[in-house]
Number of protein chains: 2
Amino acid sequence: MLADLRRPERTFTIRQLCNEFKATPRALRFYEDKGLLCPAREGLNRVYSHKDRVRLQLILRGKRVGLSLSEIREILDLYDENDDGAAQMARSLKKFRERTAALEQQREDIDGALIELHQACARLEQRLAEIRPDLLPRAADYDQVLRARLDGHADAVLGK
Amino acid sequence: MLADLRRPERTFTIRQLCNEFKATPRALRFYEDKGLLCPAREGLNRVYSHKDRVRLQLILRGKRVGLSLSEIREILDLYDENDDGAAQMARSLKKFRERTAALEQQREDIDGALIELHQACARLEQRLAEIRPDLLPRAADYDQVLRARLDGHADAVLGK
DNA sequence: CCGCAGGTTGACGTTTACGTAAACGTTGAC
DNA sequence: GTCAACGTTTACGTAAACGTCAACCTGCGG
């Protein structure tokens, strides 16, 4: 019973969480500094509970989707202030939607950049073909194109 | 003849280029600091030639597609080292293709994030629908999303 | 008792692309 | 003469998210 690692009483050291989530101790302490985490202490040592672990998961997920730490903290705080949870959920939902919109915008920007790049590449290729065809891409570069095609993005980039 | 602004002898002040390209003097001086520009001097004052103007255009284009200043400098340097221009074009082409690949990767990352966000939103919406359907989005929220979208465009246009 | 592995708290360093003064010079209008 | 409008330089500030020391404590195996 003492050995059941899945029981909610189980606690974690900083290193355990770091290993599990591929983070560094510095990062966890940093999150704590920023108020995103506040693990218990055993003397000086940090002791992370399951709740802390969940918070960390949320933090990392937030990071993956591009939220800043302060935005993540806002969301986390919402869950803590909890009255009944619903209001916070609504606000989180709002945050998520805003982020969705921002990401979609970023995607458009990237697409624009890709178009510019594609045009620039086309110009360069044409000039090179005229002047120094020997400098034009071969096997290695074909590789790149092929990989892009497999990714399925080439279609969009190359004129849909 | 002195008045023909299109003649190649024509030069530009820092402010003229700033106005034309929506940049700040600070930025141009910064680019100079970083070795991206090196306008002539008339006493202390900077005097930009057409070539400088072209370089600035390239710099800004590079920024638009997400290149860092140091990457832009690499490309610019290539054009300067010029033997016959072809080799540099080939290397620029390579740079552009690398950036293309990087952007495509970013797009994938964004798509991944969008998927996560979408799932999270779906979960939240469902829970809310069960508990507090009244808190679900309506007209006002739609408004916000639209405004966020427009703001995003404005930011992009204004160079942010 | 030694040393190592792991924990702790500061505190400063890094990167990018400038913003923001401060303090000064030059030119032209009034 | 002096004020404004432009230009110049030097240099510190900013934001994000940690990295990288330094200097210390602490338990444990040998």
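Values below: every heavy atom of this structure, side chains too, minus hydrogens, waters and symmetry copies. In this text, all values refer to a predicted model and were calculated from it rather than measured experimentally. In what follows, chains carry the letters A, B, and so on, assigned in the order in which the sequence lines appear, proteins first and then strands, with residues in each chain numbered from 1.
In this structure, CD of A:Glu71 is placed 15 Å from P of D:dA15, rounded to the nearest angstrom. Put simply, CZ on B:Arg64 is 17 Å from C1' on C:dA17, counting in whole angstrom units. We find that CG of B:Leu67 is positioned 14 Å from C1' of C:dA17, with the value rounded to whole Å. Spacing between atom CZ of B:Phe30 and atom P of D:dT9 amounts to 15 Å, rounded to whole angstrom units. Protein atom CD1 of A:Ile14 is 13 Å distant from nucleotide atom P of C:dG6, rounded to whole Å. The interatomic distance linking A:Tyr48 (OH) with C:dG7 (P) rounds to 10 Å, in whole Å. The CZ atom of A:Arg29 sits 5 Å away from the P atom of C:dT8 (whole-angstrom rounding). Residue A:Glu32 contributes atom CD, which lies 14 Å from atom P of D:dC18 at whole-angstrom precision.
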Hey, mind stepping through B:Leu69 and B:Phe30 against side chain to side chain contact (heavy atoms under 4.5 Å, CB included) and telling me if it holds? CA-CA 10 Å; B:Leu69 291 188; B:Phe30 185 74; 3.4 Å; yes

Do A:Glu71 and A:Glu98 pass the side chain to side chain contact (heavy atoms under 4.5 Å, CB included) test, and can you show the C-alpha distance, the side-chain angles, and the key distance before you say yes or no? CA-CA 11 Å; A:Glu71 288 175 310; A:Glu98 287 170 5; over 6 Å; no

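Positionally, the nearest nucleotide of DNA chain C for B:Leu28 lies more toward the 5' end than for the other of B:Leu44 and B:Leu28.
Distance from the side chain of A:Lys63 is smallest to D:dC18 among C:dG7, D:dC18, D:dT8. Comparing D:dT8, D:dA17, C:dC18 against the side chain of A:Leu69 picks out D:dA17 as the nearest.
Distances shown here put every side-chain N or O of A:Thr13 at or beyond 4.0 Å from the OP1 or OP2 atom of C:dG6. Contact check, B:Tyr31 against C:dC18: a side-chain N or O comes under 4.0 Å of OP1 or OP2. OP1 and OP2 of C:dT8 both lie 4.0 Å or more from every side-chain N or O belonging to A:Arg15. Checking the phosphate oxygens (OP1, OP2) of C:dT8, a side-chain nitrogen or oxygen of A:Arg46 falls inside 4.0 Å. Of the side-chain N and O atoms in A:Arg26, none sit less than 4.0 angstrom from OP1 or OP2 of D:dT20. When the side-chain nitrogen and oxygen atoms of A:Thr24 are compared with OP1 and OP2 of D:dC18, none of them lie within a distance under 4.0 Å.
Listed for the A:Arg53 side chain is no donor-acceptor partner under 3.5 Å among the backbone atoms of A:Leu17.
Outside the 6.0 Å centre-distance limit, the rings of B:His118 and A:Phe96 are not counted as a close aromatic pair.
The residue B:Ser70 sits apart from the nucleic acid: no heavy atom pair falls under 4.0 Å.
No salt bridge links A:Glu116 with B:Arg99; every basic N to acidic carboxylate O contact stays at or beyond 4.0 Å.
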